[in-house]
Asks: 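One structure, as structure tokens, below. Some questions next.
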Amino acid sequence: MINTSECPIETVIHVLGGKWKPRICRHLIESTKRFSDLEKLIPAVSQKMLTQHLRDLEREGVIERTIHPVVPPKVEYALSDYGKTFIPVLEVMSIWGQNHIERKPEEPAS
């Protein structure tokens, strides 16, 4: 867990920081996914990094991991109820990111 004396923004960055965590959460907003689904949706992530980020998100309570007792084992990931409280933040981040991509940098003053 994180140090509770950190500022709130540092806490968000700690919990959801990393190249792949926001993408994982974005895909889990849509629906429950299996590990292989996430691999296909985020092809640049390695299995090791995807596993690590999923474990981190699960440990922080953002996602839930469900193991179905079948052969072969079926494991699914979904946003937890707590993780769903982050959806509005992701939506605002998405809007800000799109605006940033589309903005034209100001010309430097001469």
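Residue indices begin at 1 and follow the sequence shown. The basis for the numbers below is simple: all heavy atoms, side chains too, and nothing from hydrogens, waters or symmetry mates.
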Asks: Please examine the side chains of L54 and R65, heavy atoms only from C-beta on, and report whether any two atoms are closer than 4.5 Å.
Replies: no
Asks: Decide yes or no for L79 and I87: does some side-chain heavy atom of the first lie under 4.5 Å from some side-chain heavy atom of the second?
Replies: yes
Asks: Taking side chain as C-beta onward, heavy atoms only, is H27 less than 4.5 Å from I42?
Replies: yes
Asks: Side-chain heavy atoms under 4.5 angstrom apart, residues restricted to Ile, Leu, Val, Met, Phe, Trp, Tyr: same cluster for I13 and I63?
Replies: no
Asks: State which residues pass ring pair (Phe, Tyr, Trp, His ring centres under 6.0 Å) with H68; sequence neighbours excluded, sorted by chain then number.
Replies: none
Asks: Looking at side-chain heavy atoms only, is the closest gap between L50 and I24 below 4.5 Å?
Replies: yes
Asks: For T11 and C7, indicate whether the former's side chain and the latter's backbone hold a donor-acceptor pair under 3.5 Å.
Replies: yes
Asks: For the hydrophobic clusters of this structure (ILVMFWY residues joined by side-chain heavy atoms under 4.5 Å, transitively), does one cluster hold both L38 and I67?
Replies: yes
Asks: Rounded to the nearest 0.5 Å, how far does CZ of R26 lie from CD1 of I29?
Replies: 8.5 Å
Asks: Looking at every heavy atom in both F86 and M93, which two are closest together, and how far apart are they?
Replies: CZ-SD, 4.2 Å
Asks: How long is the straight-line distance from OG of S31 back to CD of E76, given to the nearest 0.5 Å?
Replies: 9.5 Å
Asks: Nearest heavy-atom pair of S80 and E64: which atoms, and what distance?
Replies: CB-CG, 3.6 Å
Asks: Mind listing the closest non-hydrogen atom pair of D56 and K21 along with its distance?
Replies: OD2-NZ, 3.4 Å
Asks: Given 3.5 Å as the limit, does a donor-acceptor pair link the side chain of S94 with the main chain of L90, or not?
Replies: no
Asks: Rounded to the nearest 0.5 Å, what's the gap from OG on S46 to NE2 on H53? Could you check?
Replies: 8.5 Å
Asks: What closest approach, in Å, do L57 and V15 show between heavy atoms, and which atom pair accounts for it?
Replies: CD2-O, 4.0 Å
Asks: In Å, rounded to the nearest 0.5 Å, how long is the span from CD of Q47 to CZ of F35?
Replies: 5.0 Å
Asks: Does a side-chain heavy-atom distance below 4.5 Å link R34 with E39?
Replies: no
Asks: Taking the side chain as every heavy atom from C-beta outward, state whether Y82 and E60 have any pair of such atoms under 4.5 Å apart.
Replies: no
Asks: What's the shortest heavy-atom distance between L28 and Y77, and which atoms?
Replies: CD2-O, 3.4 Å
Asks: On a heavy-atom basis, which atom in A44 and which in W20 lie closest, and how many Å separate them?
Replies: CB-CH2, 3.7 Å
